[in-house]
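Order of the sequence lines sets the chain letters (A, B, ...), proteins ahead of strands, with each chain counted from 1. All heavy atoms count here, side chains included; hydrogens, waters and symmetry mates do not.
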Number of protein chains: 2
Amino acid sequence: MASNASKEVIDDLDKRIIQFLSHNGRMSFAEMATHLDVTEKTVRTRYNNMVENKIIEVVGVVNPITLGIKVAAIIQFRVIPEFLDDVIEELKNNPVIRYVTTTSGDYQLLAQMNMRDYEELNDTIKIIHQIPNITSTNVLIQLDVHKNSFEFI
Amino acid sequence: MASNASKEVIDDLDKRIIQFLSHNGRMSFAEMATHLDVTEKTVRTRYNNMVENKIIEVVGVVNPITLGIKVAAIIQFRVIPEFLDDVIEELKNNPVIRYVTTTSGDYQLLAQMNMRDYEELNDTIKIIHQIPNITSTNVLIQLDVHKNSFEFI
DNA sequence: AATGAAACTCGGATCTG
DNA sequence: CAGATCCGAGTTTCATT
C-alpha cells in the first residue's frame, strides 16, 4: 500500500480547526463547522484523523499558579555519557518534573519542574542529587513565566 | 458574599475531573459523571467553575514533530536591566517563541522556540540579535524531548 | 435530582472530483 | 478512491422545576 498511516500533510482546513481548538478545546464540531462553512462530519473526520495521526491532542492543562504551585525551576545536568538514558528515565519518573530535553552545550540535559514552595524545591533537588551518574547540575529559579503558548502554526 | 471569585481550593472530585481531561479534553461530562458516580450537572458546574477561575483550560496541543517542525532550541539572554520588559515584549511577539521566563543565574531570560529547520533557526537568531539592549545570548539546540507533561497534580 | 427541549455527535449511504 | 455531504437515530447539554 502506497499511502501509509502517518500522513503528516495538513491543509488549510486542518489548520483552521487547530486554531479553534487551541483557543477552546471543547468547541463543538458543529460550531466549528458553521464558522468554517463545511459540514459537522467533515470537521469531525478531520479532527479524528489528526488525533489518530498524533498531529494534535486536546487536553486539559492546569494552571499551576492558581493551584498554589508557585515555584518553578529549570535544572541542567552534566551526566556520564554512557548512563544518559538511565538518568533521563529517572527524571521522567519524577512527577514534579514536567519537561526533559537533551541539549547541546555545557550540559547534556535540561529539565523544567513545578512545585508548591521552596521547601519542596529543596526536597526535589536533594532527591535528584541521589540519582547516580550525574556529575554536576545548574539550577535556575524561574521568577516569572511571560509566555507559554501551545500553538506552533 | 463571603467567597470571592478566585477560589483556588480544589477538592478530590475536581482533581479526578482534571485527570480525565488531561487524557482526553473532549470527554463528555456525562461519561465522566458515570465514572465518578455523580450527576452530569455536577461535573459540568465543576468544570465551568475551574475554567472560570483559570484553574484549568482545555486546549488543542499540536505535536510539532508530526507537523515537520523538527528543530527546537532554548536561548538564554543577558539584558540591560532597565530594558528587560521591552525585550520580553519583543520575544513574546515572535511567533516561533513558545515560552519565555525570567530566571535567576547568569542570564536573566530564557526562551524556548520551535522551527521547521536549521535555516529558520538561523533566521530567527539573526532577528533576535537585532533586538536592542541584549548584551549576550547562549543558544542550546534541543536534540530530543523526552518528557512534556501538562499535569501538575 | 429530575425532566424535557435543543444542540450535538455519530455512522451509514450517497455523491463528487 | 479519498473525501465531502445528507440524514436519522442516539447522546449530551443545559435551563427550569
Side-chain angles (χ1 to χ4, degrees), chain A residues 1-63 66 150-153, chain B residues 1-69 150-151 153:
Chain A
M1 62 263 28
S3 94
N4 70 9
S6 81
K7 48 169 284 207
E8 349 178 329
V9 238
I10 245 196
D11 70 5
D12 205 58
L13 182 57
D14 291 323
K15 281 188 194 170
R16 296 172 69 198
I17 292 171
I18 293 173
Q19 235 135 49
F20 280 118
L21 292 174
S22 70
H23 291 111
N24 173 14
R26 289 181 77 87
M27 181 181 283
S28 73
F29 296 142
E31 188 179 349
M32 290 188 261
T34 54
H35 284 307
L36 298 170
D37 211 34
V38 293
T39 58
E40 171 270 329
K41 170 101 179 199
T42 301
V43 176
R44 184 156 40 98
T45 315
R46 296 298 193 106
Y47 170 79
N48 286 332
N49 284 338
M50 288 194 286
V51 171
E52 181 87 10
N53 294 320
K54 302 221 194 287
I55 288 168
I56 55 166
E57 189 185 11
V58 173
V59 291
V61 176
V62 175
N63 179 347
T66 359
F150 301 104
E151 297 173 66
F152 295 94
I153 52 175
Chain B
M1 61 267 23
S3 93
N4 68 9
S6 82
K7 47 170 277 208
E8 354 177 321
V9 238
I10 243 192
D11 70 4
D12 204 59
L13 182 57
D14 291 324
K15 281 188 192 168
R16 295 172 71 197
I17 292 171
I18 292 173
Q19 234 134 50
F20 280 117
L21 292 175
S22 70
H23 292 111
N24 173 13
R26 293 181 73 88
M27 182 181 283
S28 75
F29 297 142
E31 188 179 348
M32 290 188 261
T34 55
H35 285 306
L36 297 171
D37 209 35
V38 293
T39 62
E40 172 270 328
K41 166 108 185 192
T42 304
V43 177
R44 183 154 42 92
T45 42
R46 295 298 191 108
Y47 170 79
N48 286 331
N49 283 338
M50 288 194 287
V51 170
E52 182 86 11
N53 293 323
K54 303 221 192 289
I55 288 169
I56 55 165
E57 187 185 15
V58 173
V59 291
V61 176
V62 176
N63 179 346
I65 302 293
T66 358
L67 268 184
I69 299 174
F150 301 104
E151 296 173 67
I153 51 175

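- Listed pair A:R46 / D:dA4 meets the phosphate criterion, a side-chain N or O lying under 4.0 Å from OP1 or OP2.
- Among all heavy-atom pairs drawn from A:R26 and B:M32, the shortest one is NH1-CE, 4.2 Å.
- What separates CG of A:D12 from C1' of D:dA4 is a distance of 17 Å, to the nearest Å.
- The side chain of B:R26 has C:dT9 as its nearest neighbour among C:dT9, C:dA1, D:dT13.
- Rounding to whole angstrom units, CG of residue A:L36 and C1' of D:dG3 are separated by 16 Å.
- For A:T42, taking side-chain heavy atoms from C-beta onward, the closest of the listed nucleotides D:dA4, C:dA1, D:dT13 is D:dA4.
- Protein atom CD of A:E31 is 15 Å distant from nucleotide atom P of D:dT13, rounded to whole Å.
- Closest to the side chain of A:S28, from the set D:dC14, C:dA1, C:dC8, is C:dC8.
- A straight line from CG of A:L13 to C1' of D:dT5 spans 14 Å, rounded to a whole angstrom.
- If you find the closest nucleotide of DNA chain C to A:A30 and to A:K41, the one lying nearer the 5' end belongs to A:A30.
- Note: CG (A:N48) to P (D:dA4) measures 13 Å, nearest angstrom.
- Spacing between atom CZ of B:R44 and atom P of D:dT11 amounts to 18 Å, rounded to whole angstrom units.
- Residue A:F29 contributes atom CZ, which lies 21 Å from atom P of D:dC7 at whole-angstrom precision.
- Residue A:M50 comes nearest to A:I10 through the heavy atom pair SD-CD1, 4.0 Å, listed as atom of the first residue, atom of the second, then distance.
- For B:E40 and D:dC14, the CD to P distance is 7 Å, given to the nearest whole Å.
- Of all heavy-atom pairs between A:S22 and B:V59, the closest is O-CG1, 3.5 Å.
- Relative orientation of the A:F29 and A:Y47 rings is tilted, given thresholds of 30° and 60° on the angle between their planes.
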